[in-house]
Each structure stands twice: as structure tokens, then as C-alpha cells.
Amino acid sequence: MHVILIGPPASGKGTQAAVLKERFQIAHISTGDMLRAAMKAGTPLGKEAENYMSTGQLVPDELVIKLVLERLKQDDAKSGFLLDGFPRTRAQAEALDEALNQAGKAIDAVVFVDVPDKTVVERITGRRSDPETGAIYHLQFNPPPPEVADRVIQRDDDTEGAVKVRLEKYHNETEPIIPFYREKGVLKEINGLDTPAAVTAAILEVLA
Ligand code: AP5
């Protein structure tokens, strides 16, 4: 199965990907997670990405496309993948399409989890993650259990200023690729405002 999860910042892509990855036993490829790991490791890519990410800008297409196309060649992605946060621009969508065509593969579904801007801000402000396990929490909607509460952290780009830019980038660069997938007949639209469990159920229904 080859699935893309698309949606505004903090619409719940990572939360849903964690469940879907277990359910379908496919590779979860999150460009945000890969870039944050590169930053933490201090690699040249990480150093280059840092300024873009901390201010909410998109990392340049050529860097992200190379990163993903290399990742897709790894063994665990050969039998299926769940792309989270990629593609985010028309150039990324076209590069992915071309690479899949060449490999004789195609996208089965693009799951578009949508929430309004007001919800994005609400979710981003309360988001915390566990640096040891990567688990995602929300102070109000999904509080971290007491044993991890002391170690959860807030992402550097979850600031009010960066969120404004991330939303602007989403509306200007990412939203326009939704019709690209709608025309291909693979777009599945999901209301991301429901509870996480209800959103999972809706995704499983459209993937069935
Ligand atoms: P990335 O890490 O991809 O960030 P994003 O798309 O902004 O998405 P988020 O990770 O913020 O949110 P999410 O949708 O996964 O929501 P989550 O499940 O955490 O990218 C970060 C940066 O990296 C970009 O700004 C860019 O600089 C760079 N980048 C990455 N990919 C790139 C690319 N392809 N090209 C160029 N640059 C790229 O949930 C959010 C919160 O809400 C959590 O607290 C969660 O507990 C809560 N929540 C989740 N679901 C629900 C629900 N149903 N109800 C209530 N609360 C919920």
C-alpha cells in the first residue's frame, strides 16, 4: 500500500501515522521527523534545514526530494509506505510521481486530514512530544501520562510566529496540490476535527 497523509500543520498526521503504521506494518516516512533527526545529528542537511524549519519556512525542494527518494529505496519501503508531510509543493508531488512511475508503482490513496486554522493554533500551542519514544501528546486533548510528563518537550517551530508562516506556506504551497491528487481520483477527504479514534476509523474506512 502506498499512502500519502496530507493536511495543515498539526492536523493530526503524525498521530494518525503512528496508528496506521502499526495496523498495516508499512514504513512511516515523515519528512519533518527525518529533518529534525538530521538537525539533532548536526549533519550538513540538518544544518541547512535548521533556519528554514525554526522560522516555519519550507526546506528547499531539491533537498527534501533527494531525502525522500533515497529513503524510498530502503528495504522497508519496498512493500509499502505512508508518507507524512511529503509532498508539500507541486514540484515535490511531480518528482514523487515520476519516481514512482519509473519504479512501476503508484499512489493508492492521498488521505487529506483537514482542520481550520483556529484548530491548528490550538493544537500547536498544546502539543508536547516525548523525546525518548517520539510519542505525541496534547496538554489538554491527550495529556502525557505521569511517568513521561517531566520529560516531554515543545518543538522549536511551535511558536506563534512560526505557526503563522507555516499556515501561510500550507495555504500557498501545499493546498494547491490537493486538486492534483483529486484529478487522479485518489484523494480521500477526512474531517480532522473528530476525536483521534474517530479520525482513525474514518481513515480505515476510506482505505478499506
Ligand atoms: P512537519 O513535522 O511535517 O510538521 P507539520 O506538517 O506542520 O505537521 P505537524 O508535525 O506540526 O503536525 P501533525 O499534522 O503531524 O499533527 P500531530 O499529530 O502532531 O514539518 C515541520 C517542518 O519541517 C516544516 O515547517 C518545514 O520547515 C519542514 N518540512 C517537513 N517536510 C517538508 C517538505 N516536504 N518540504 C519542505 N519542508 C518540509 O498533532 C498535533 C497536536 O494535536 C498534538 O498535540 C496531538 O496530540 C493533537 N491532536 C492530534 N489529533 C487530534 C484530534 N483528532 N483531536 C484533538 N487533538 C489532536
Side-chain angles (χ1 to χ4, degrees), residues 4-21 28-39 45-46 48-69 71 82-96 111-130 134-145 152-159 161-175 177 190-203:
I4 294 173
L5 270 177
I6 200 168
S11 54
K13 302 181 295 295
T15 300
Q16 295 303 325
V19 181
L20 298 173
K21 169 193 164 182
H28 170 210
I29 301 177
S30 156
T31 41
D33 288 349
M34 289 165 83
L35 292 165
R36 279 184 288 276
M39 267 166 54
L45 169 67
E48 192 156 358
E50 197 158 5
N51 283 340
Y52 296 102
M53 291 179 74
S54 60
T55 53
Q57 304 284 339
L58 291 180
V59 175
D61 282 336
E62 61 273 21
L63 295 178
V64 184
I65 290 170
K66 186 164 172 257
L67 180 72
V68 172
L69 297 191
R71 178 66 183 86
L82 180 62
L83 279 169
D84 163 7
F86 182 95
R88 251 177 159 97
T89 63
R90 180 80 187 200
Q92 293 178 17
E94 285 172 355
L96 176 66
V111 177
F112 171 33
V113 182
D114 199 15
V115 295
D117 290 5
K118 184 173 141 272
T119 305
V120 168
V121 175
E122 204 174 72
R123 288 193 186 172
I124 278 185
T125 327
R127 173 171 42 199
R128 297 292 182 277
S129 57
D130 182 345
I136 304 166
Y137 299 102
H138 189 283
L139 294 177
Q140 186 186 347
F141 308 132
N142 176 25
V152 293
I153 52 165
Q154 190 168 23
R155 261 169 52 177
D156 291 344
D157 59 344
D158 280 355
T159 60
V163 170
K164 256 192 199 159
V165 181
R166 285 162 68 190
L167 271 170
E168 190 189 300
K169 291 286 157 195
Y170 169 74
H171 290 303
N172 293 341
E173 307 275 344
T174 309
E175 231 170 28
I177 65 176
I190 302 287
N191 174 8
L193 283 176
D194 275 334
T195 62
V199 174
T200 306
I203 295 176

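Numbering of ligands and ligand atoms starts at 1, following listing order.
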Can you tell me if [X] contacts ligand 1 (heavy atom of the residue under 4.0 Å from the ligand)?
X: R155; value: yes
X: Q16; value: no
X: G126; value: no
X: G7; value: no

Return the option from [options] holding the heavy atom at the smallest distance from [atom].
atom: atom 13 (P) of ligand 1; options: Q140, E122, K13; result: K13
atom: atom 53 (N) of ligand 1; options: D84, V199, D194; result: D194
atom: atom 6 (O) of ligand 1; options: R166, R88, M53; result: R88

Flag side-chain contact, heavy atom, 4.5 Å: [X] against [Y]:
X: V111; Y: I4; value: no
X: V120; Y: V115; value: yes
X: R127; Y: Y137; value: no

Where ligand 1 meets [X] - atom numbers and elements under 4.0 angstrom, heavy-atom basis:
X: Q92; result: 33 (C), 34 (N), 35 (N), 36 (C)
X: T31; result: 30 (C), 31 (N), 32 (C), 34 (N)
X: G14; result: 13 (P), 15 (O), 18 (O)
X: R36; result: 2 (O), 21 (C)
X: V64; result: 33 (C), 34 (N), 35 (N), 36 (C)
X: H138; result: 44 (O), 46 (O)
X: T195; result: 53 (N)
X: L35; result: 28 (C), 29 (N), 30 (C), 38 (C)

Backbone or side-chain N or O of I124 under 3.5 Å from ligand 1 N or O: no
Polar contact flag for D33 and ligand 1 (N/O pairs, less than 3.5 Å): no
Pair K21 + D84: basic N to acidic O under 4.0 Å: no
Basic-acidic side-chain contact under 4.0 Å: E168, K164: no
Between the main-chain N or O of [Y] and the side-chain N or O of [X], is there a donor-acceptor pair closer than 3.5 Å?
X: Q16; Y: P196; answer: yes
X: R123; Y: S11; answer: yes
X: S54; Y: D157; answer: no
X: H138; Y: I124; answer: no

Evaluation steps, side-chain hydrogen bond (donor to acceptor under 3.5 Å, both in side chains), between H171 and D117: CA-CA 10 Å; H171 290 303; D117 290 5; 2.9 Å; yes
